[in-house]
Amino acid sequence: MGSSSSSYAPKTIYLDVDGKVQKVVFSRHCSPCDIKELLCSSSNIPRNTAITMVDPEGALVSIDPTMPTNSPNSLYKVISLSTGQLGDKEDMFQNVLSQVAEQFSRAFRINELKTEVTNRLAMLEKRVELEGLKVVEIEKCKNDLKKLRDEMTSRGGGRVGNCPCKYNFSDDGKKLNPRRDVPSYPKYTLSQETIEALKKPTFDVWHWEHNEMLSCLEYMYHDLGLVKEFNMNPITLKRWLLGIQENYRSNPFHNFRHCFCVSQMMYGMINLCNLPEKMTLTDMGILMTAAVCHDLDHPGYNNTYQINARTELAVRYNDISPLENHHCAVAFQILSLPECNIFANVELEAYKQIRQAIITLILATDMARHGEILDSFKHKVDSFDFTNEEHVTCLKMVLIKCCDISNEVRPTEVAEPWVDCLLEEYFMQSDREKTEGLPVAPFMDRDKVTKPTAQIGFIKFVLIPMFETVMKLFPQIEEIMVQPLRDSRDHYEELKQIDDAMTEAQKKKTENMSLGGKKK
């Protein structure tokens, strides 16, 4: 599996620097920050100065690896935003603007409108203040309940406190704090190239910072019509996304970038398979929201560890998909905050159905249920009926499973770093299991597993069969999703042959040295 060589070619733009043409060359893999520093240096502007870039017509050009190239006949110009100096033309333009504003003010009774808006804002602020007081009262009640629970526990001999759990997932550890302020992450304007790339499985998820990933997720909800469909407050959507990001841990693999990776693949499959033409907008909202929430607060240790170590999660959920149940619980704890409830304007019955559907999809990501879910879908796919609710639910479960383990669909340079991240997380768990005397799975043991051995079986027996089954319903995914999986399988099988040959050569060398020593 691979991508065309053009993805490695450097990008060239031309600047107007003091009336001279300045050529700037940079890698497509540079971050926006690196490109900004390069532009500052090329334009004789001090580093870390806030800058913007415009084309010959004065239109703003996004400063990122996807910016359009230009020619020496159509120069870009880098402008420092810190000078604050306006030329004569800008002064004249400012005067004209002032006159136009004054005329508009008279014509449209701006001052009266201002007064009316101010009064309405004052009323809204009062309502917000009252809502804030309600939240404070709720928090006070929660604290009182916690004190009462602690008191009952201490009177009961402390039995609850002695539960043999490795992790404490009590409410004290949560980051679920109400956010009454407007979210502060910078607005990232997506270029047309980025917008198109977002819809494809080849999207490179490694070049984006957290605020940029948040903006991409926000764009997806707007683009699919979900904000309008569920009557979401755009500010609430921002707060919810921030709450989601804050509740993903900094694990090597199961982190916020993985959340974004799965959500972007879901958005890509929705577009590639033309799902809005076959399913409802409510289904689209369920698919996207389940993808965003599917690994919330993942501790970095899988279900097998939770059950064998008898952690609090395993005890709480009776060894039944403890992690997936926990992800669901955290998802709806975040949605229970008024400031983060993107479904606040949905009718109660509809909300109940949405909640149940999201829970069903997140629970489907437990790989222990893989065979059961895929077999069910195989029985339906040949006579699939989009008007049959059971068929559609089964399809949605398979789609989130595909997206959750879809890294190998992406180009090699995007997919392979994820293998390193996953093995790092596996090795952390197996090291801990060895220390605690717990069973260790061979595919997680650093002394037994290699990249090729880890990937070949998973691709051949899990990924390809599942994606080929989905291909029966959506033949258009073969070229862009199924073929890359076959290429990836071949790639790792070649690596395994090389590893085996090297191991055999080393073995023979050791045997020869041993025989030579005996002859002496």
Side-chain angles (χ1 to χ4, degrees), residues 1-4 7 65-66 188 190-208 212-227 241 244 256-281 283-295 361-362 364-365 377 392 395-418 459 463-464 466-488:
M1 180 176 64
S3 60
S4 65
S7 65
T66 66
Y188 180 77
L190 305 181
S191 68
Q192 192 57 41
E193 190 177 346
T194 300
I195 288 170
E196 290 306 313
L198 264 179
K199 297 176 181 178
K200 298 173 184 175
T202 51
F203 187 81
D204 191 341
V205 296
W206 292 107
H207 289 159
W208 307 89
E212 293 167 338
M213 290 189 278
L214 287 166
S215 290
C216 287
L217 289 170
E218 188 182 350
Y219 170 81
M220 294 174 201
Y221 270 75
H222 281 278
D223 181 58
L224 290 171
L226 304 181
V227 175
L241 287 170
I244 293 293
F256 180 64
R257 193 174 298 278
H258 169 67
C259 153
F260 175 70
C261 197
V262 174
S263 305
Q264 184 274 322
M265 186 62 74
M266 180 65 78
Y267 177 68
M269 289 197 78
I270 287 171
N271 281 281
L272 182 62
C273 302
N274 299 316
L275 292 185
E277 294 178 8
K278 301 174 177 67
M279 296 158 72
T280 66
L281 271 177
D283 288 325
M284 301 304 101
I286 289 164
L287 284 167
M288 286 301 301
T289 305
V292 169
C293 298
H294 83 285
D295 268 333
L361 263 59
I362 294 176
T365 62
F377 184 63
V392 171
L395 171 61
K396 288 188 289 188
M397 291 165 76
V398 170
L399 286 174
I400 195 168
K401 284 174 61 57
C402 286
C403 295
D404 188 24
I405 54 177
S406 63
N407 287 325
E408 290 302 326
V409 168
R410 300 180 188 273
T412 305
E413 64 272 17
V414 180
E416 201 154 343
W418 280 116
I459 295 169
L463 289 177
I464 291 178
M466 181 165 66
F467 276 86
E468 285 183 340
T469 306
V470 175
M471 187 178 74
K472 291 181 180 179
L473 196 58
F474 304 109
Q476 61 267 45
I477 75 167
E478 179 170 18
E479 182 183 351
I480 199 166
M481 299 187 86
V482 180
Q483 190 55 45
L485 287 174
R486 296 167 181 156
D487 294 341
S488 182

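Using a 4.5 Å heavy-atom cutoff, the side chains of Val470 and Val482 are not in contact. Between Arg410 and Cys261 there is a side-chain heavy-atom pair separated by less than 4.5 Å. Annotation: side chain of His258 is in contact with side chain of Trp418 (closest heavy-atom distance under 4.5 Å). Inter-residue side-chain proximity for Gln192 and Glu196 is flagged as met; some heavy-atom pair is nearer than 4.5 Å. When side chains are defined from C-beta on, Asp223 counts as touching Lys199, because their heavy atoms get closer than 4.5 Å. Annotation: side chain of Leu272 is not in contact with side chain of Lys200 (no heavy-atom distance under 4.5 Å).
Of all heavy-atom pairs between Gln264 and Val205, the closest is OE1-CG1, 4.5 Å. Of all the heavy atoms in Ile459 and Leu485, the pair that sits closest is CG2-O, 3.6 Å. The nearest pair of heavy atoms linking Phe467 to Met481 is CE2-CE, 3.7 Å. The minimum heavy-atom distance between Met284 and Leu275, with the atom names listed, is CE-CB, 3.9 Å. Between Ser263 and Met288, the shortest heavy-atom contact is O-CE, 3.8 Å. Closest of all the heavy-atom pairs between Leu198 and Tyr267 is O-CD2, 3.5 Å.
Once rounded to the nearest 0.5 Å, the distance linking CD1 of Ile480 with OG1 of Thr202 reads 5.5 Å. Here the straight-line distance linking atom SG of Cys259 with atom CZ of Arg257 works out to 11.5 Å at 0.5 Å rounding. Note: Ile400 CD1 to Leu395 CG = 12.0 Å, rounded to the nearest 0.5 Å. Atom CE of Met220 sits about 11.0 Å away from atom CD1 of Ile195, to the nearest 0.5 Å. To the nearest 0.5 angstrom, Asp487 atom CG is 11.0 Å from Glu408 atom CD. One distance of note links CG of Leu463 with OG of Ser488; it measures 8.5 Å at 0.5 Å rounding.
With hydrogens and angles ignored, the 3.5 Å screen pairs no side-chain donor or acceptor of Asn271 with any backbone N or O of Gly268. With hydrogens and angles disregarded, a donor-acceptor distance shorter than 3.5 Å links the side chain of His294 to the backbone of Ala291.
For the pairing with Ser406, the side chain to side chain contact (heavy atoms under 4.5 Å, CB included) check across Lys401, Met269, Met265, Met266 returns one residue only, Met265.
Ring pair Phe203/Phe260 is perpendicular by interplanar angle, where above 60° counts as perpendicular and below 30° as parallel.
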